[in-house]
Amino acid sequence: MKQILEQNSDAIREAGQALVDIGSELAAGRIDDAFERMEAARQKYVEWQELDQAILDIEEAVSNRTNTLAVQQILTELISSVLGIAIRKEMN
């Protein structure tokens, strides 16, 4: 992570300054101004919000798929156990 931050030092410096500006407005009690500044910054990078949402959607899909596979495996093991018991019972 440190390497990524160092490689993007200009962007990090700009983000830090934006945080200082927003913090100054909050400290001065100008909450509406701080929210307006944050919203303006957010609007500059709408495509990033879309990318962030796409990442969240992909992570959710992978998680759902993993959970589905786990449930399938559990059900398969359960069915195998029940069948095994039934077969053993018939053999006795």
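Only this structure's heavy atoms are used, side chains among them; waters, hydrogens and symmetry mates stay out.
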What is the distance from atom [atom1] of [X] to atom [atom2] of [Y], rounded to the nearest 0.5 Å?
X: I58; Y: Q53; atom1: CD1; atom2: CD; result: 10.5 Å
X: L83; Y: L78; atom1: CG; atom2: CG; result: 9.5 Å
X: L19; Y: E14; atom1: CG; atom2: CD; result: 11.0 Å
X: Q17; Y: I22; atom1: CD; atom2: CD1; result: 10.5 Å

Exercise. Step through the shown structure and confirm whether more than 12 heavy atoms of other residues, nucleotides or ligands are within 6.0 Å of CD on Q3.
Key: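 Atom CD in Q3 is not packed in, count stays at 12 or less.
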Self-check item: More than 12 heavy atoms from other groups under 6.0 Å of CD1 on I31
Solution: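 Atom CD1 in I31 is not packed in, count stays at 12 or less.
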Quiz item: Just by modelled atom types, is the N64 backbone N or O under 3.5 Å from a matching donor or acceptor in the T68 side chain?
Solution: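 Checking the backbone N and O of N64 against the side chain of T68, a donor-acceptor pair under 3.5 Å is found.
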Set of residues satisfying side chain to side chain donor-acceptor pair (under 3.5 Å) with respect to [X], sequence neighbours excluded:
X: E77; answer: Q73
X: N67; answer: none
X: E60; answer: none

Practice problem: Check salt bridge (charged side-chain N to carboxylate O under 4.0 Å, His left out) between R13 and all other residues, then give those that pass, not counting sequence neighbours. | Solution: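 D10.
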Quiz prompt | Partners passing salt bridge (charged side-chain N to carboxylate O under 4.0 Å, His left out) against D57 (at least two apart in sequence or in another chain) | solution =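 Partners of D57 under the salt bridge (charged side-chain N to carboxylate O under 4.0 Å, His left out) test: none.
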Practice problem: Among residues two or more places apart or on two chains, list those pairs meeting salt bridge (charged side-chain N to carboxylate O under 4.0 Å, His left out) that have a residue in residues 17-40. | Solution: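 Those involving residues 17-40 are D21-R37, E25-R37, R30-D33, E39-R42.
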